[in-house]
2 protein chains.
Amino acid sequence: MEKRTALQVFEALSSGIRLDVYRCLVVAGRQGMVAGEIAAALDIPPTNLSFHLKNLTQSGLLWVEQEGRFQRYRANIEAMLAVIAYLTENCCAGRPQECVDFRRSQPGLAPLLPPLDCPAEGPGHS
Amino acid sequence: MEKRTALQVFEALSSGIRLDVYRCLVVAGRQGMVAGEIAAALDIPPTNLSFHLKNLTQSGLLWVEQEGRFQRYRANIEAMLAVIAYLTENCCAGRPQECVDFRRSQPGLAPLLPPLDCPAEGPGHS
DNA sequence: TCAACCATTCAATAATATTTGAATCATCAA
DNA sequence: TTGATGATTCAAATATTATTGAATGGTTGA
């Protein structure tokens with residue numbers, strides 16, 4: 001993934017309105033929502049919503065499809081997962097055991113160690 | 001997770017410099033890096049780096065520890081994972097099968113379906 | 001075609017974030 | 001204690017982003 005792409009995703013989700021919109025669409029799932037529904041659900045003026053929907057779409061977090069005179073938006077779940085992978089790329093210099101030790105050593109209540117998809121070894125880690 | 005926390009994390013990672021700093025520290029792992037090392041590695045003026053380190057620390061993405069006259073920074077991997085969980089909270093209205101169908105239906109090259117930790121059912125899903 | 005509707009673009013304003021150099025604070029080594 | 005070093009804070013200038021209302025573009029149903 002290109003740095004620019006990751007930045008666009010983070011920038012997109014750094015606005016309260018856009019975060020609400022994205023989460024709303026994650027919940028909506030396959031069905032998605034048309035712009036007017038989103039505006040009503042979140043009580044945002046259409047002009048302003050358009051601004052944020054455009055940002056989210058350009059970042060790759062949303063797909064949009066025309067439906068008559070409506071615009072239907074859906075969340076792109078994969079875009080977000082790809083960004084996570086980018087963030088943890090080459091974590092702990094590619095040494096999985098150190099990665100586990102490191103996470104265990106952290107102050108936060110983190111004894112769960114959910115998935116990080118640490119690379120087995122070496123350079124390649126998409 | 002509170003919305004405010006998630007916003008802080010996204011806002012933090014939406015700057016090119018902060019994204020570089022965080023990724024740098026993810027690679028460094030347990031050992032972390034002192035501010036001067038980061039400044040040298042990324043060629044950023046100390047004043048400006050301080051500004052960004054403060055932002056990252058306040059967002060919870062970094063831990064800082066004093067070491068003599070140095071400040072050692074380490075990435076907080078868990079903070080990021082918690083944000084992912086927040087984003088996918090109640091995805092597809094809590095219906096795992098629809099969640100799978102939805103992701104399979106997406107335009108992106110997404111037939112892999114990496115982890116999403118979809119809830120088994122119902123409300124509770126930290 | 002026409003009027004109504006959904007949504008977007010445009011231009012201006014308001015609000016935030018970033019960068020810089022100078023000044024400050026704390027620690028170390030002598 | 002003093003001078004040097006690592007890093008941060010402060011204040012000002014710059015740059016970027018968000019919001020609003022008016023105007024525009026495309027689609028539907030009569």
Side-chain angles (χ1 to χ4, degrees), chain A residues 3-25 28 31-76, chain B residues 3-25 28 31-76:
Chain A
K3 177 177 167 183
R4 189 176 139 277
T5 308
L7 277 175
Q8 281 184 313
V9 168
F10 290 125
E11 194 273 320
L13 294 173
S14 71
S15 137
I17 288 183
R18 290 193 295 262
L19 183 57
D20 286 342
V21 169
Y22 185 73
R23 297 217 318 146
C24 207
L25 288 169
Q31 183 178 350
M33 293 171 84
V34 301
E37 289 175 334
I38 302 171
L42 302 177
D43 191 31
I44 301 166
T47 294
N48 194 14
L49 180 61
S50 268
F51 171 80
H52 291 294
L53 285 173
K54 183 179 178 183
N55 180 301
L56 282 161
T57 303
Q58 285 180 342
S59 80
L61 282 167
L62 299 187
W63 300 110
V64 60
E65 185 185 6
Q66 182 151 6
E67 214 173 69
R69 47 189 150 168
F70 302 85
Q71 300 288 118
R72 184 167 295 273
Y73 288 90
R74 293 184 179 85
N76 179 1
Chain B
K3 177 177 167 184
R4 189 176 139 278
T5 309
L7 275 176
Q8 281 183 314
V9 167
F10 290 126
E11 194 274 319
L13 294 174
S14 71
S15 134
I17 287 182
R18 291 193 294 263
L19 183 57
D20 286 343
V21 169
Y22 185 72
R23 297 217 318 146
C24 206
L25 288 169
Q31 182 178 350
M33 293 171 83
V34 299
E37 289 175 334
I38 302 171
L42 301 177
D43 193 29
I44 301 166
T47 293
N48 193 15
L49 181 60
S50 268
F51 170 80
H52 291 294
L53 286 172
K54 184 178 179 183
N55 180 300
L56 281 161
T57 303
Q58 286 181 341
S59 79
L61 282 167
L62 299 188
W63 301 110
V64 60
E65 185 186 6
Q66 181 151 8
E67 212 173 71
R69 47 187 151 166
F70 300 85
Q71 299 288 117
R72 183 166 296 273
Y73 289 89
R74 294 185 179 84
N76 179 0

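Small disclaimer: the values here were computed from a predicted structure and weren't measured. First the proteins, then the strands, lettered A, B, ... as listed; each starts at 1.
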| Per-nucleotide protein contact string for nucleotides 18-28 of chain D (B base, S sugar-phosphate only, - none; heavy atom under 4.0 Å) | BBBBB----BS

| said: Is A:Y73 close enough to C:dC6 that one of its side-chain N or O atoms is under 4.0 Å from OP1 or OP2 there? | reply: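 Looking at the OP1 and OP2 atoms of C:dC6, neither is under 4.0 Å from any side-chain N or O of A:Y73.
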
Taking atom [atom2] of [N] as reference, at what distance in whole Å does atom [atom1] of [X] sit?
X     : N      : atom1 : atom2 : answer
B:L53 : C:dT19 : CG    : C1'   : 15 Å
A:E37 : C:dA7  : CD    : P     : 8 Å
B:D43 : C:dT19 : CG    : P     : 13 Å
B:K54 : D:dA7  : NZ    : C1'   : 13 Å
B:F70 : C:dC25 : CZ    : P     : 21 Å
A:L7  : C:dT18 : CG    : P     : 12 Å
B:F10 : D:dT17 : CZ    : C1'   : 18 Å
B:Q58 : C:dA17 : CD    : P     : 12 Å

[atom1]/[X] to [atom2]/[Y] distance, rounded to the nearest 0.5 angstrom?
X     : Y     : atom1 : atom2 : value
A:I38 : A:L25 : CD1   : CG    : 4.5 Å
A:M33 : A:L62 : CE    : CG    : 11.5 Å
B:I44 : B:L49 : CD1   : CG    : 5.5 Å
B:I17 : B:N48 : CD1   : CG    : 4.5 Å
A:S14 : A:L19 : OG    : CG    : 9.5 Å

| query | For the helix from C:dT1-D:dA30 to C:dA30-D:dT1, how many degrees between its two end axes (five pairs per end), to the nearest 10°? | reply |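 If I round to tens, the end axes sit 30° apart.
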
| field | salt bridge (Lys or Arg N to Asp or Glu O under 4.0 Å) contacts in which one or both residues fall within residues 7-19 of chain B, not counting sequence neighbours | value |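 Listed by first then second residue: B:E11-B:R18.
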
| Nearest non-hydrogen partners of A:L7 and B:S15, listed with the distance | CD2-C, 3.6 Å

| Can you tell me if A:Q8 uses its side chain to pair, donor with acceptor, with the backbone of A:T5 under 3.5 Å? |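 Not at all, since once roles are kept as given, no pair shorter than 3.5 Å links the two residues.
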
| Under the side-chain contact (heavy atoms from CB on, under 4.5 Å) criterion, do B:V64 and B:L53 qualify, and how do the steps go? | CA-CA 9 Å; B:V64 60; B:L53 286 172; over 6 Å; no

